[in-house]
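By convention in this document, chain letters (A, B, ...) are assigned in the order of the sequence lines, proteins followed by strands, and residues within each chain are numbered from 1.
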Protein chains: 2
Amino acid sequence: MAQPKKAASIWDVARLAGVSHQTVSRVVNGSPRVAAATRDKVLEAIAELGYRPNRLARSLAGGAAESVTVLTADTSLYGPEAALRGIEKAARALDWSVQISVLDPADTHSDADIIARLPRAGEPTIIMAHDEPGMRAKQVLLDQQPHAMVAIGPYTAEELAASPWLVGMDDGKAAAEATRYLLDLGHTTVHHLAIPTSTGTFGGGKAHRAEGWARVLREAGRPVPEPVPSGWTIAEAFKAVQPLVADPEVTAILCGNDHLALATLRAAHLAGRSVPGDLSIVGFDNTPFSAYTTPALTTVNQDFESVGRGAFELLRHRVDGSIPRPVPGWPEPELIVRETSGPPSSS
Amino acid sequence: MAQPKKAASIWDVARLAGVSHQTVSRVVNGSPRVAAATRDKVLEAIAELGYRPNRLARSLAGGAAESVTVLTADTSLYGPEAALRGIEKAARALDWSVQISVLDPADTHSDADIIARLPRAGEPTIIMAHDEPGMRAKQVLLDQQPHAMVAIGPYTAEELAASPWLVGMDDGKAAAEATRYLLDLGHTTVHHLAIPTSTGTFGGGKAHRAEGWARVLREAGRPVPEPVPSGWTIAEAFKAVQPLVADPEVTAILCGNDHLALATLRAAHLAGRSVPGDLSIVGFDNTPFSAYTTPALTTVNQDFESVGRGAFELLRHRVDGSIPRPVPGWPEPELIVRETSGPPSSS
DNA sequence: ATCAGATAGGTGAACGTTCACACCGGGCGG
DNA sequence: CCGCCCGGTGTGAACGTTCACCTATCTGAT
């Protein structure tokens with residue numbers, strides 16, 4: 001058995017059951033207008049032939065979507081990975097299929113390249129990329145099929161209001177909260193090890209975390225040190241943070257994510273600075289490992305999985321107007337104080 | 001612009017260019033038998049209408065695959081995540097699309113459920129799941145479409161030879177190497193904090209890492225302690241490892257992966273045992289963070305991304321016999337000695 | 001002049017579904 | 001007793017491609 005014989009189609013089932021193909025279709029799709037006896041016959045034939053519907057043909061004929069393409073940055077980052085998980089779960093629950101396509105900055109991405117990624121025109125798409133190709137992809141889709149796309153990203157309340165296709169969390173506010181917490185602990189100021197922004201180099205583009213951090217410092221009348229730019233990898237962060245940990249004036253560092261915080265933790269250790277005694281470190285994202293480092297990372301929890309789910313719901317709403325617009329129901333980012341933060345030693 | 005107007009089809013292009021739909025098809029697919037003048041006309045029409053081929057229709061008609069479905073366990077694990085990345089990269093390079101479907105043990109998975117995940121019968125599929133639903137899925141596919149599936153998993157040389165649809169690394173050998181290394185360091189024996197096996201509970205199913213570890217101990221005539229079973233999460237590992245770190249007799253622990261090793265590291269720290277002074281810890285997988293813990297983890301590097309790429313190549317070979325069978329070309333697992341391992345303090 | 005062979009292009013069916021509609025018989029209100 | 005509606009089913013077209021095959025036209029050799 002299991003010869004590569006052709007798969008059974010709806011017609012084969014119809015013939016075997018002695019009904020029309022349409023009746024089979026009705027049975028498969030659970031239409032109520034089928035007599036019980038007929039249904040049983042069809043079901044039997046389906047079982048015997050091992051028939052299963054061809055999704056391709058289904059989509060082609062029905063025009064029904066039932067499928068979502070996720071355009072994402074490198075999935076080795078925790079945020080995109082968790083959001084993808086949320087999307088996949090939500091999609092699976094509704095029996096949608098999920099396509100994934102990674103936007104690699106190394107590829108040359110003309111607009112045509114991006115478009116070619118979509119299985120078909122109007123394919124519902126979620127974009128999850130904060131780098132340059134991601135931004136271009138967003139723009140392209142916004143022009144071409146604004147009703148069938150949703151982007152995940154950091155937002156401020158104003159941005160969300162202005163962009164009905166945007167989903168995300170106000171991580172600027174969370175960064176502000178973390179900064180205020182460190183200030184309240186007695187630190188004179190807080191330094192910032194920053195993740196790359198959408199334009200690649202620090203300074204341009206959106207950098208909500210950095211903005212929230214700077215705002216609090218300004219409001220408190222504290223010096224605002226130049227943020228230290230880091231790449232996404234731990235190795236890059238480790239290198240970038242060296243001057244910070246070497247400087248005894250630096251008593252608190254807010255890191256753009258937990259990987260950067262881990263690198264900072266190790267750099268501090270190697271530089272002979274005790275944490276949190278000499279140096280407080282706060283991370284971002286509450287990556288699973290963060291509770292188990294030694295000392296355990298103080299960090300900001302973000303429920304990316306819920307955001308992913310929210311993005312999926314919003315997409316459904318936008319594709320099919322009859323589905324109610326979801327209310328963003330995920331928890332706000334929240335500071336989790338663990339062991340890497342404390343008052344400065346001088347105080 | 002950008003009204004949700006229907007996307008242009010090959011027929012629309014044909015009409016505008018004043019040729020037949022087939023000629024358009026030829027131009028799109030780069031057939032040589034089209035006059036230059038005709039080609040230009042068609043190209044122009046394509047540009048004007050913003051036409052792009054519908055992949056669905058293409059696959060339906062052509063039977064051509066150009067698409068792979070990845071059935072995976074939880075992507076929050078490093079191994080599957082990295083392998084998925086490898087698959088996606090390889091697929092993208094060839095312009096194949098990638099579908100992802102997560103096998104959640106929490107769902108009830110009848111065989112039918114698993115089959116329903118495939119977009120269509122015979123859809124080329126890669127399975128990447130070491131747990132129970134994954135094993136069932138593997139069996140189902142093996143029965144239904146053995147020529148269009150590949151599984152990723154741990155293997156021994158014999159298993160690989162016996163299963164032309166299997167791709168993986170001999171992590172039993174790597175576990176053996178790590179165990180031997182610890183023994184050579186002077187440890188009397190090595191304990192094992194084990195990841196779950198394919199059957200859920202420890203003991204059944206394939207557990208190559210555990211087997212390699214036990215074999216070396218037996219060969220060296222050392223006592224083989226009962227392996228300690230852990231779940232996949234760090235929290236579970238932290239709980240499971242408590243008795244091990246509390247026991248001063250235990251001087252070396254081989255952990256099933258780096259997350260478990262991290263939990264062990266923290267548990268040891270809290271129990272007041274110094275690493276590697278009192279206790280040596282060796283992880284598995286060389287997860288990115290492992291080089292930056294304090295102390296940095298000794299671990300076994302595994303190039304999952306290459307394995308993913310290899311799986312994709314093998315799948316192509318199996319689906320289309322004309323493609324040569326790839327030779328497994330990835331690096332062998334390799335022990336990376338960092339800071340969590342050393343001779344026992346008593347020696 | 002004639003014809004084989006190449007070159008350029010067209011025609012119709014097929015892929016596996018769903019959709020819109022037509023059909024048939026029986027129960028029920030008038 | 002008639003007509004209507006409705007449950008149950010069938011028919012044909014459509015979705016957007018590719019594939020297999022057919023038809024012109026032009027070339028150059030016989």
Side-chain angles (χ1 to χ4, degrees), chain A residues 4-43 45-46 49-67 95 97 116 118-123, chain B residues 5-43 45-46 49-67 95 97 115-116 118-123:
Chain A
K5 66 184 164 207
K6 285 197 62 64
S9 84
I10 205 170
W11 287 99
D12 301 322
V13 175
R15 199 175 317 121
L16 183 61
V19 297
S20 78
H21 69 279
Q22 178 62 329
T23 299
V24 176
S25 175
R26 277 189 269 258
V27 169
V28 169
N29 294 298
S31 158
R33 353 203 88 192
V34 177
T38 313
R39 185 193 316 278
D40 289 348
K41 262 193 313 189
V42 172
L43 252 21
I46 287 178
L49 294 174
Y51 164 79
R52 57 210 177 84
N54 180 325
R55 287 190 116 147
L56 259 46
R58 194 171 264 190
S59 305
L60 220 210
E66 302 264 310
S67 157
D95 223 42
S97 72
L118 273 12
R120 58 176 188 162
E123 164 79 7
Chain B
K5 65 183 164 208
K6 285 196 64 62
S9 85
I10 206 171
W11 287 99
D12 300 323
V13 176
R15 198 175 319 119
L16 183 60
V19 297
S20 78
H21 70 274
Q22 179 62 331
T23 300
V24 176
S25 175
R26 276 189 268 257
V27 170
V28 169
N29 294 298
S31 158
R33 355 206 85 195
V34 177
T38 313
R39 185 193 316 277
D40 288 349
K41 260 193 314 190
V42 171
L43 252 22
I46 287 179
L49 293 173
Y51 164 79
R52 57 209 178 86
N54 180 325
R55 285 190 116 148
L56 259 48
R58 194 172 265 190
S59 305
L60 220 211
E66 303 263 309
S67 156
D95 223 41
S97 71
I115 291 181
L118 272 14
R120 58 174 188 164
E123 164 78 6

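The two residues B:Pro53 and B:Val28 have their closest heavy-atom pair at CG-CG1, 4.0 Å. Nearest approach of A:Asn54 to B:Leu60, heavy atoms of both residues: ND2-CD2, 4.4 Å. Pairing each heavy atom of A:Ile10 with each of A:His21, the nearest pair is CD1-O, 3.6 Å. Contact record, B:Ala45 with B:Ala17: CB-CB, 3.9 Å, taken as the closest heavy-atom pair.
Looking only at distances, no side-chain donor or acceptor of A:Arg26 sits under 3.5 Å from a matching main-chain atom of A:Ser31. Looking only at distances, no side-chain donor or acceptor of B:Asp40 sits under 3.5 Å from a matching main-chain atom of B:Ala37.
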Worksheet, complete the sentence: Whether each nucleotide of nucleotides 6-13 of chain C has a protein heavy atom under 4.0 Å at its base (B), only at its sugar-phosphate (S) or at neither (-) is summarised, 5' to 3', as -BSBBBB-
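Across the protein-nucleic acid pair, A:Asn54 atom CG and C:dT17 atom C1' stand 8 Å apart, rounded to whole Å. Note: CZ (A:Arg58) to P (C:dT18) measures 5 Å, nearest angstrom. If you measure from atom CZ of A:Arg55 to atom P of C:dT18, you get 12 Å, rounded to the nearest angstrom. As a whole-Å value, the separation of A:Leu56 CG from C:dT18 P is 13 Å.
Each of C:dG16, C:dT17, D:dT17 was ranked by its minimum atom distance to the side chain of A:Pro53; first place goes to C:dT17. Of the candidate nucleotides D:dG16, C:dT17, C:dT18, C:dT18 has the atom nearest to the side chain of A:Asn29.
Of the side-chain N and O atoms in B:Ser25, one or more sit less than 4.0 angstrom from OP1 or OP2 of D:dT18.
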